[in-house]
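To start, the structure itself, in structure tokens.
Just so it is clear, the model here is predicted, and its values are computed rather than measured.
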Amino acid sequence: MRTVLKVVDNSGAKKVMCIQALKGKKGARLGDTIVASVKEAHPNGKVKKGKVVYGVVVRAAMQRGRCDGSEVKFDDNAVVLVDKQGQPIGTRVFGPVPHELRKKKHVKILTLAEHIA
């Protein structure tokens, strides 16, 4: 683990470090939930530095195949912070978000996203 991910919502965190992927031993893919520690944060945000949070991976540099044969791949690794019930902490999501999150039951993140890839 120990992957540093960019936070793409307005929860107050800038960067988090992955502690554990909650599904499987191999690591987190698109749409997976992770446990992470906040490494950088805005001074007056909702989450503070050092807090352990949950997050959903919305962009991954590793390519993932789609049903139609195409592959989706992003330039960075990004996450949206969520609570234990899976509801987003922030109220906005920046940048593109893949539509595969619909299958993983993260529809709330898709409604907040500004661009669906």
Side-chain angles (χ1 to χ4, degrees):
M1 300 301 157
R2 294 183 62 88
T3 305
V4 177
L5 300 107
K6 185 176 166 187
V7 179
V8 290
D9 60 9
N10 61 349
S11 59
K14 291 185 202 171
K15 291 197 172 166
V16 295
M17 186 175 75
C18 179
I19 297 172
Q20 180 183 18
L22 291 183
K23 183 180 169 238
K25 294 273 186 228
K26 205 162 193 176
R29 304 279 192 271
L30 274 178
D32 287 352
T33 306
I34 63 168
V35 180
S37 168
V38 177
K39 290 297 173 189
E40 285 182 35
H42 290 288
N44 49 6
K46 292 180 188 170
V47 292
K48 303 289 182 235
K49 184 179 179 224
K51 189 176 177 195
V52 175
V53 292
Y54 287 87
V56 174
V57 179
V58 293
R59 292 203 294 266
M62 184 175 175
Q63 60 190 25
R64 182 183 194 286
R66 286 187 166 166
C67 308
D68 59 355
S70 65
E71 290 183 337
V72 62
K73 176 177 158 181
F74 294 97
D75 292 337
D76 60 347
N77 298 313
V79 71
V80 171
L81 300 186
V82 295
D83 56 12
K84 285 196 175 185
Q85 287 77 36
Q87 298 300 315
I89 295 174
T91 55
R92 293 176 67 198
V93 176
F94 307 108
V97 172
H99 65 80
E100 278 92 354
L101 294 180
R102 195 176 305 278
K103 290 181 188 156
K104 301 260 188 166
K105 307 284 190 279
H106 297 298
V107 183
K108 183 76 173 150
I109 295 173
L110 283 171
T111 59
L112 297 174
E114 60 183 23
H115 178 68
I116 296 172

Answer yes or no: is there a side-chain heavy-atom contact under 4.5 Å between [X] and [Y]?
X: Q87; Y: K108; result: yes
X: H106; Y: V82; result: no
X: R92; Y: S11; result: no
X: R64; Y: E100; result: yes
X: R66; Y: H99; result: yes

Check: [Y] main-chain N/O paired with [X] side-chain donor or acceptor under 3.5 Å:
X: K48; Y: G45; answer: yes
X: D68; Y: S70; answer: yes
X: D9; Y: L81; answer: yes
X: N77; Y: L5; answer: no
X: K46; Y: I89; answer: yes

Minimum-distance pair of heavy atoms, taken over all atoms of [X] and [Y]:
X: V35; Y: Y54; answer: CG2-CE2, 3.9 Å
X: P96; Y: A117; answer: CB-CB, 4.2 Å
X: L112; Y: G90; answer: CD1-O, 4.0 Å
X: V97; Y: A113; answer: CG2-CB, 3.8 Å
X: E40; Y: V38; answer: O-CG1, 3.5 Å

Going from [atom1] on [X] to [atom2] on [Y], what distance comes out if it is rounded to the nearest 0.5 angstrom?
X: M62; Y: F74; atom1: CE; atom2: CZ; answer: 14.0 Å
X: K39; Y: K15; atom1: NZ; atom2: NZ; answer: 12.5 Å
X: I109; Y: R102; atom1: CD1; atom2: CZ; answer: 12.0 Å

Open item on the list: Please say yes or no: joined through hydrophobic side-chain contacts below 4.5 Å, possibly via intermediate residues, are V107 and V56 part of one cluster?
Closed with: no
- [ ] Under the side chain to side chain contact (heavy atoms under 4.5 Å, CB included) rule, what do V80 and V8 come out as? Steps first, then yes or no, please.
- [x] CA-CA 6 Å; V80 171; V8 290; 3.9 Å; yes
- [ ] Tell me yes or no: between the side chains of T91 and N10, is some donor less than 3.5 Å from an acceptor?
- [x] yes
- [ ] Flag the pair R59 and D75 as a salt bridge only when some basic side-chain nitrogen lies within less than 4.0 angstrom of an acidic carboxylate oxygen.
- [x] no
Task: Option passing side chain to side chain contact (heavy atoms under 4.5 Å, CB included) with V58 (candidates V93, L110, L101) - done: L101
Task: Among V47, V16, V53, side chain to side chain contact (heavy atoms under 4.5 Å, CB included) partner for V7 - done: V16
Open item on the list: Counting neighbours of NZ on K49 that are heavy atoms of other residues, nucleotides or ligands and sit closer than 6.0 Å, is the number greater than 12?
Closed with: no
